[in-house]
Amino acid sequence: MTPAILVIGELREDKPTDASREAAGVARRLVGDAPVMGLLIGSPVEPAAAGWCRDGVDTVRWLAEPPAGGRLAGALVPSLLALLSEGSIELVLLPSTGFGRELAGALAARWDAGAATGVTAITRTAEGWEVRRPVFGGRATETRILSGPRAVVALRPRSFPAPEPREAPAAAAVQAVVAPGPWAAGPTRIGSEPVVSGGGPALGDAPIVVAGGRGVGSSDQFRLIEELAGALDAAVGASRAVTDAGWRPASLQVGQTGRTVTPQLYIAVGISGAIQHVVGMIGSRVIVAINSDPSAPIFKVADYGIVGDLLQIVPALTAEIRRVRGR
Amino acid sequence: MEIAVCVKPVPDPDTRLRASPDQRTLDPEGVKYVLAGYDESAVEQGLLLREQIPGSAVRAFAFGPAPRAPEILRSCLALGCDSATHVAANEPVDDPLVVAAALGTVLGSRPADLILVGKQALDDEEGLVAPALGALLDRPSFSSVTDLRWSPDRARFSFRRSTEVEVERWEAPPPLVLGLQQAWNDPRTAKLPNVLKARRMPIESVPAAPGAAAGRSVPLRFDLPAPRAGARMIEYSTPAEAAERLVRILREEAKVFP
Ligand SMILES: Cc1cc2nc3c(=O)[nH]c(=O)nc-3n(C[C@H](O)[C@H](O)[C@H](O)COP(=O)(O)OP(=O)(O)OC[C@H]3O[C@@H](n4cnc5c(N)ncnc54)[C@H](O)[C@@H]3O)c2cc1C
Ligand SMILES: Nc1ncnc2c1ncn2[C@@H]1O[C@H](COP(=O)(O)O)[C@@H](O)[C@H]1O
């Protein structure tokens with residue numbers, strides 16, 4: 001028997017996010033021709049549903065956000081449970097974003113399901129869903145079996161290929177209205193600001209990160225890092241030496257007491273490679289280090305290294321990237 | 001204000017990771033289990049709030065087997081927590097939903113205006129306990145929380161929640177369950193007299209509710225990446241040449257950008 005799957009998607013600028021599209025593709029691969037139910041959280045936008053159907057889902061529901069505004073995972077769970085009982089669903093897939101993980105935990109607890117987040121591979125075995133996920137900041141990978149009858153699996157963004165578009169029937173978009181949670185009146189969202197990201201994309205989300213350390217020398221010279229990041233459409237990161245010195249805000253700190261990032265490419269500039277920094281970036285696919293000290297520990301974890309003065313190398317690199325990208 | 005902080009014993013961040021003989025999990029042999037990562041911040045945050053709100057108590061909870069759980073509770077006492085409760089299990093449990101169920105059963109019967117946990121544990125990095133606890137106790141729960149403050153006149157907490165693209169500002173009355181992302185670079189360290197005093201303080205022990213130990217998430221393999229060979233160094237005579245070589249490698253060999 002092929003299991004029925006529900007995919008929960010997030011919208012950004014009225015479109016399913018890349019991670020939501022990847023989740024739809026994974027669901028399609030797991031069930032073959034069996035139906036995949038999709039659920040988008042946010043206000044209804046028909047073209048979004050149609051595009052998502054080409055990615056792999058068959059029917060799309062909308063879940064309106066609760067009136068209090070902002071996303072409160074627990075408040076969405078009652079509506080989700082109603083939907084799940086309707087479709088005899090065995091697996092829920094969703095993006096392993098901050099909110100996706102909140103939803104995974106709240107839903108699994110109430111649905112009495114097994115759960116895993118940050119998953120980079122999933123297969124069906126006789127024992128249950130086999131999932132792989134990086135642990136210890138990417139220093140190891142674990143494989144687990146979710147063996148119960150129900151599972152909630154949050155998929156790490158950019159760990160699965162973008163789905164091949166398929167011929168899809170027009171989406172049957174049914175609007176589901178949210179029953180507000182019992183405490184919807186409690187928490188209130190009073191505002192929001194874009195993430196302080198040093199200009200480019202948000203650090204938690206970016207395929208490329210350029211990070212600067214104490215070796216950059218000063219707050220002023222940190223602009224060299226931002227220019228390189230700009231040329232690459234990358235996010236800007238920093239070592240603790242930089243955030244402690246107040247050159248850049250703490251939100252840019254990568255490492256044990258900052259963020260963990262796993263981009264395709266991480267360029268560490270003027271960073272020595274202390275273990276507390278390394279745990280936050282070792283899961284990156286390709287690591288480049290630029291440092292004047294050939295014995296800096298960062299070269300042990302990097303894939304490619306340039307020994308030299310960053311004040312010379314970085315501007316040259318920025319210029320070269322602008323040149324090859326034609327701008 | 002009654003503040004509960006849930007802390008997980010995790011391998012010391014400097015531990016050299018090795019797989020167990022059956023290759024299923026981390027080899028615990030010789031590993032020191034400590035309070036670390038966001039949990040350390042959760043304790044710090046609890047203590048800061050207590051300093052601000054008269055008549056508050058910070059109570060630490062850890063679920064798992066002895067000696068790991070009581071040991072990190074001891075370090076919470078040394079940092080200044082008012083009491084410590086060990087939710088005892090016979091074996092290590094690494095399924096966050098089982099953890100949440102065990103903690104939820106105990107916390108549900110205690111007064112706790114605020115339950116603080118780490119956004120994610122330093123080892124398994126699931127981030128499931130905070131939302132699962134909230135759902136089980138039927139309280140609002142938020143993860144990725146920073147800048148938590150208490151406003152006495154309004155009897156509300158204010159805090160920020162970071163998402164991938166924005167930082168939201170929230171206000172909420174107690175009771176709440178929060179997964180903290182705040183990471184102070186320098187959370188307090190225990191002073192020697194407090195360490196000695198903590199040795200004599202009692203640690204309450206309660207058994208985990210029956211049934212809360214049957215996991216649905218079973219470890220199968222624990223893999224370590226092949227050791228990195230060390231960086232391939234780029235030879236060059238001018239910065240422009242270094243740049244040109246690196247960009248070529250990144251495009252053609254590593255294929256990380258077009
Ligand atoms: C509990 C704890 C938690 C911590 N958490 C974090 C964390 O989350 N993140 C973090 O980053 N750190 C963290 N640290 C700090 C960490 O131990 C290091 O001190 C820090 O990472 C060092 O930052 P850095 O590499 O920028 O500076 P340094 O170690 O001073 O290194 C600077 C590097 O720049 C190079 N350099 C200097 N001039 C040039 C030049 N002109 N061109 C090229 N290279 C140059 C030098 O060779 C050197 O390698 C933590 C420490 C503790 C104790
Ligand atoms: N065994 C445990 N005992 C007490 N608290 C725990 C335990 N496991 C996890 N937690 C708390 O839940 C948080 C998130 O854990 P996780 O969902 O496993 O990433 C941790 O940072 C701790 O605050």
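Chain identifiers are assigned alphabetically (A, B, ...) following the order of the sequence lines, protein sequences preceding nucleic acid strands; residue numbering begins at 1 within each chain. Just so you know, these numbers come straight off a predicted model, no measurement behind them.
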Novice: Can you tell me how far the CD atom of E253(B) sits from the CG atom of D303(A), to the nearest 0.5 Å?
Specialist: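 Taking CD in E253(B) and CG in D303(A), the distance rounds to 10.5 Å.
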
Novice: As an exercise, state the distance from NZ of K119(B) to CD of E102(A), rounded to the nearest 0.5 Å.
Specialist: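 Taking NZ in K119(B) and CD in E102(A), the distance rounds to 10.5 Å.
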
Novice: Under the side chain to side chain contact (heavy atoms under 4.5 Å, CB included) rule, what do F136(A) and L26(B) come out as? Steps first, then yes or no, please.
Specialist: CA-CA 10 Å; F136(A) 288 95; L26(B) 168 75; 3.9 Å; yes

Novice: Whether R323(A) and E244(B) form a salt bridge (side-chain N of Lys/Arg under 4.0 Å from carboxylate O of Asp/Glu) is what I want to check.
Specialist: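 So E244(B) does not pair with R323(A) through a salt bridge.
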
Novice: With a 4.5 angstrom heavy-atom cut-off, is it the side chain or the backbone of T125(A) that approaches chain B, or both, or neither?
Specialist: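 For T125(A), neither part sits under 4.5 Å from chain B.
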
Novice: With respect to chain B, which residue among K300(A), R12(A), R139(A), Q276(A) yields the maximal number of heavy-atom pairs within a distance under 4.5 Å?
Specialist: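 Ranked by contacts with chain B, first place is R139(A).
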
Novice: Look at A130(B), A240(B), A172(B) and state which one has the largest set of heavy-atom pairs under 4.5 Å with chain A.
Specialist: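 Heavy-atom pairs under 4.5 Å are most numerous for A172(B).
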
Novice: Taking only Lys NZ, Arg NE, NH1 and NH2, and the carboxylate oxygens of Asp or Glu, determine whether R216(B) and D112(A) approach each other closer than 4.0 Å.
Specialist: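 Judged by the 4.0 Å cut-off on N to carboxylate O distance, R216(B) and D112(A) do form a salt bridge.
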
Novice: Please check: side-chain N/O of E125(B) versus main-chain N/O of G137(A), any donor-acceptor pairing under 3.5 Å?
Specialist: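 Between the backbone of G137(A) and the side chain of E125(B) there is a qualifying donor-acceptor contact (under 3.5 Å).
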
Novice: What is the minimum heavy-atom distance between P140(B) and P187(A), and which atoms define it?
Specialist: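 Smallest heavy-atom distance, with atoms named: CB-CG, 3.7 Å.
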
Novice: Check each atom of I208(A) against the heavy atoms of chain B and say whether the ones under 4.5 Å are side chain, backbone, both or neither.
Specialist: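 Contact with chain B involves the side chain of I208(A) alone.
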
Novice: Go through the atoms of A115(A) and report whether side chain, backbone, both or neither lie under 4.5 Å from a heavy atom of chain B.
Specialist: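 Both parts, backbone and side chain.
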
Novice: Tell me whether the count of non-hydrogen atoms from other residues, nucleotides or ligands lying under 6.0 Å of CZ in R325(A) goes above 12.
Specialist: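 For R325(A), atom CZ is crowded (more than 12 foreign heavy atoms under 6.0 Å).
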
Novice: At a 4.5 Å cut-off on heavy atoms, which part of I234(B) comes close to chain A: side chain, backbone, both, or neither?
Specialist: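 Looking at I234(B), backbone and side chain both touch chain A.
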
Novice: Which atoms of L250(B) are under 4.5 Å from chain A, going by heavy atoms: the side chain, the backbone, both sets, or neither?
Specialist: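 The answer is the side chain of L250(B).
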
Novice: Under a 4.5 Å heavy-atom cut-off, does chain B meet the side chain of P134(A), its backbone, both or neither?
Specialist: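 The backbone, not the side chain.
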
Novice: Kindly compute the distance separating CZ (R160(B)) from CD1 (I190(A)), expressed to the nearest 0.5 Å.
Specialist: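 One finds 8.5 Å between CZ of R160(B) and CD1 of I190(A).
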
Novice: Just how far is it from atom CG of D123(B) to atom CD of E142(A), taken to the nearest 0.5 Å?
Specialist: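 Reported to 0.5 Å precision, the distance equals 9.0 Å.
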
Novice: Contact part of P11(B) toward chain A, heavy-atom cut-off under 4.5 Å: side chain, backbone, both or neither?
Specialist: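 The side chain, not the backbone.
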
Novice: Counting only heavy atoms closer than 4.5 Å, note whether I290(A) contacts chain B via side chain, backbone, both or neither.
Specialist: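 The answer is neither part of I290(A).
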
Novice: Do the side chain of Q264(A) and the main chain of V256(B) share a donor and acceptor less than 3.5 angstrom apart?
Specialist: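 Flag not set: sc Q264(A) to bb V256(B) has no pair under 3.5 Å.
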
Novice: Which region of A242(B), side chain (C-beta onward) or backbone (N, CA, C, O), has a non-hydrogen atom less than 4.5 Å from a non-hydrogen atom of chain A, or is it both or neither?
Specialist: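 A242(B) touches chain A through backbone and side-chain heavy atoms alike.
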
Novice: Drop me the distance from E235(B)'s CD to I306(A)'s CD1, to the nearest 0.5 angstrom.
Specialist: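 Interatomic distance, E235(B) CD to I306(A) CD1, rounded to 0.5 Å: 11.0 Å.
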
Novice: Is Q120(B) in contact with chain A via its backbone, its side chain, both, or neither, using a 4.5 Å heavy-atom distance?
Specialist: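 For Q120(B), the contact with chain A is made by the side chain alone.
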
Novice: Using modelled atom types and a 3.5 Å cut-off, is there a donor and acceptor pairing between side-chain atoms of R133(A) and backbone atoms of D124(B)?
Specialist: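 Judged by distance alone, yes, a pair lies under 3.5 Å.
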
Novice: Answer with side chain, backbone, both or neither: which region of R251(B) has an atom nearer than 4.5 Å to a non-hydrogen atom of chain A?
Specialist: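 For R251(B), the contact with chain A is made by the side chain alone.
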
Novice: Checking heavy atoms, do the side chain of A254(B), its backbone, both or neither come under 4.5 Å from chain A?
Specialist: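 For A254(B), the contact with chain A is made by backbone and side chain together.
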
Novice: So for V286(A), is it side chain, backbone, both, or neither that comes closer than 4.5 Å to the heavy atoms of chain B?
Specialist: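 Looking at V286(A), just its side chain touches chain B.
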
Novice: Okay, side chain of R221(B), backbone of T143(A): is any donor-acceptor separation there less than 3.5 Å?
Specialist: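 Side chain of R221(B) to backbone of T143(A): no pair is present.
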
Novice: Kindly determine whether E10(A) and T163(B) satisfy side chain to side chain contact (heavy atoms under 4.5 Å, CB included), including the steps that lead there.
Specialist: CA-CA 12 Å; E10(A) 298 181 79; T163(B) 72; over 6 Å; no

Novice: Please state whether the side chain, the backbone, both or neither of T15(B) comes within less than 4.5 Å of a heavy atom of chain A.
Specialist: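 When you check distances to chain A, only backbone atoms of T15(B) fall under 4.5 Å.
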
Novice: What's the verdict on side chain to side chain contact (heavy atoms under 4.5 Å, CB included) for R132(A) and D223(B), showing C-alpha distance, side-chain angles and the deciding distance?
Specialist: CA-CA 10 Å; R132(A) 258 170 81 82; D223(B) 298 312; 3.4 Å; yes

Novice: Under a 4.5 Å heavy-atom cut-off, does chain A meet the side chain of F142(B), its backbone, both or neither?
Specialist: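 Both backbone and side chain of F142(B) come within 4.5 Å of chain A.
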
Novice: Quick check on D94(B) against chain A: is it the side chain, the backbone, both or neither that has a heavy atom closer than 4.5 Å?
Specialist: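 Its backbone and side chain both get close to chain A.
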
Novice: Chain B heavy atoms under 4.5 Å from E130(A): which part of the residue, side chain, backbone, both or neither?
Specialist: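 The side chain, not the backbone.
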
Novice: Is chain B contacted by the side chain of I275(A), its backbone, both, or neither, given a heavy-atom distance below 4.5 Å?
Specialist: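 For I275(A), the contact with chain B is made by the side chain alone.
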
Novice: Need one label for A113(A): side chain, backbone, both or neither, based on atoms under 4.5 Å from any heavy atom in chain B.
Specialist: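 Contact with chain B: backbone only.
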
Novice: Give, as side chain, backbone, both or neither, the part of V288(A) having an atom under 4.5 angstrom from any heavy atom of chain B.
Specialist: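 Only the side chain of V288(A) comes within 4.5 Å of chain B.
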
Novice: Working to the nearest 0.5 angstrom, can you tell me the gap between R161(B) CZ and F99(A) CZ?
Specialist: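 Between R161(B) CZ and F99(A) CZ, I get 6.5 Å after rounding to 0.5 Å.
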
